[in-house]
Amino acid sequence: LSKSPITKTARIQSNPLNMYLTKVKGMDESVNNFCSIGIIEILSSKWGQLQESAQFNYMFEVEWLIDKYPPCFRHLPMLLVHQDKRETTAQLEAETAPYGNIDLAKARLNDAFGTHHTKMMLLRYEDTLRVVIHTANLIEQDWREKTQGVWLSPLFPLFKEDEEPRDKSPTKFQTDLILYLRSYKSKAVDHWCELLKKYDMSEAKVFIIGSTPGRHTGADLHKFGHMKLRKILSSNHATCENVQANWPVIGQFSSIGSLGAKSEAWLQGEFLQSLGTTPKRFTAFTKPPLKLVFPCVEDVRNSLEGYKAGGSLPYSDSTHQKQLYLTKFLHRWKSDKKGRTRASPHIKSYFRVSPDMKQIHYAVLTSANLSKAAWGGLEKQSSQLCIRSYELGVLFLPKIFGQQDTFVVSDGLVVDGDGEKDPISFPVPFDLPLTRYGDEDQPWRWDVCYKSIPDSHGDVWIPS
Ligand SMILES: O=C(O)c1c[nH]c2c(Br)cccc2c1=O
């Protein structure tokens, strides 16, 4: 370790979590070297000879996507899984018509409030398969100047001929991913379920947190949404001696739904109950502090994209006016330590941290914004969970990664120690401690005019 007494460099394992942030165009290398990755690298031929792939997402630019694959892979079979809405289907049918190798699969929705948010790539190589769960739409602007999150699975090997295929993951990753995929009830998606079964996923160390539209009850009550998270956080996988009731829950997202007239209705009710669950039996369930991270108008105005970044932050004023209580929970998007303050957030991440913000009990990377449609709303005396959208995320628990109790928060001064015993730091996308909204700060709303102060491009924002 360095000799000089002042610079404390902690030996921290580099990236055993396989958790990345997306590269930001135009940012200096230090930003783009810290746990960063781009779509070209994800799809690179360095991982092996691709055979076929599936892209689950919400927004697609087909020509742009094809161009991100290595030329030698662009003719291979590709499945695009998208939401079953007229305009999306029409657009995709038109854009994929010229390509004979691209098939489409619809994710049926039960109602107009549901969305297919899930962002996942399934990449099958000659004798390995990779799962990528992330937060970016398959459009150029989502991968250029925003902060997005990407979890890369290991390259799962095929089971050997004489091996009995079974879920060897310590987190039941394979079982839960297939259960989620079966909910599409789609032949094309079922093809991938059959493929996934052939791979040894013992190295998958994250838990699947998926949401699928429906009213989940009985044995399914804890299979999806915030109730799945509650179930895992109450299991011994989540045992953590250090965690206390006063450890805050942090939610960070790029959109907010209608959460009810009072915070106790859902936000500080069932949602915080789930995210604040621990295996410890505290006397009564004491609500932990809740801190929310969502860009204020100034954060958007000063971003690399300027007000246009707000086009991907679809929080509506009419919704906000019904839940002004939210403002007291809100914190700004600030990421100076990672040089990402101006890279507007489209990532969604949730944490439980120590009051001094140096230890992390758990981390979630997901497509799910702060909404009941995504996480689910309990009904019928909490006997059923109503979910409207498809969402997919992964939960990181320190124990599964061989940590004693928690992940640590690296303040950037890290040396790539790869010793098994070195603590693991989680690449938290924003600065800790958090920065509260100032008295004059307002949450960004995409249907409000901002014309008194021009943005970083000299533009104003006049929503149509
Ligand atoms: O989670 C996502 O990917 C998104 C969901 N809904 C959106 C709307 Br509505 C308008 C603009 C951008 C998005 C978006 O990015």
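Numbers for residues simply follow the sequence, beginning at 1. One-based numbering, in listed order, for ligands and for the atoms of each.
In terms of N/O distances under 3.5 Å, ligand 1 is approached by His346. Among the atoms of Asn137, some N or O lies under 3.5 angstrom from an N or O of ligand 1.
Nearest protein heavy-atom neighbour of atom 8 (C) of ligand 1: Pro314 CG, 3.7 Å. Summary of contacts: the protein heavy atom closest to atom 9 (Br) of ligand 1 is Tyr58 OH, 3.7 Å. Taking atom 5 (C) of ligand 1 as the reference point, the nearest protein heavy-atom neighbour is His117 NE2, 3.3 Å.
Using a cutoff of 4.0 Å between basic side-chain nitrogens and carboxylate oxygens, Glu52 and Arg124 are scored as salt-bridged.
Atoms of ligand 1 found under 4.0 Å from any heavy atom of Trp446, numbered from 1 in the order shown, are 10 (C). Within ligand 1, counting atoms from 1 as listed, the ones closer than 4.0 Å to a heavy atom of Lys119 are 1 (O), 2 (C), 3 (O). Remark: ligand 1 atoms within the under-4.0 Å shell around heavy atoms of Gly311 are 10 (C), 11 (C), 12 (C).
By the criterion of a heavy-atom distance under 4.0 Å, the side chain of Lys348, and not its backbone, is placed next to ligand 1.
Residues Trp444 and Trp333 keep their aromatic ring centres 6.0 Å or farther apart.
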Donor-acceptor list for residues 204-215 side chains, cut-off 3.5 Å, not counting sequence neighbours:
unit_1	atom_1	unit_2	atom_2	d
Ser211	OG	Ala374	O	2.6
Thr212	OG1	Ser183	OG	2.7
Arg215	NE	Glu379	OE1	3.0

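Classification of the Phe271-Trp266 ring pair by plane angle, with boundaries at 30° and 60°, yields parallel.
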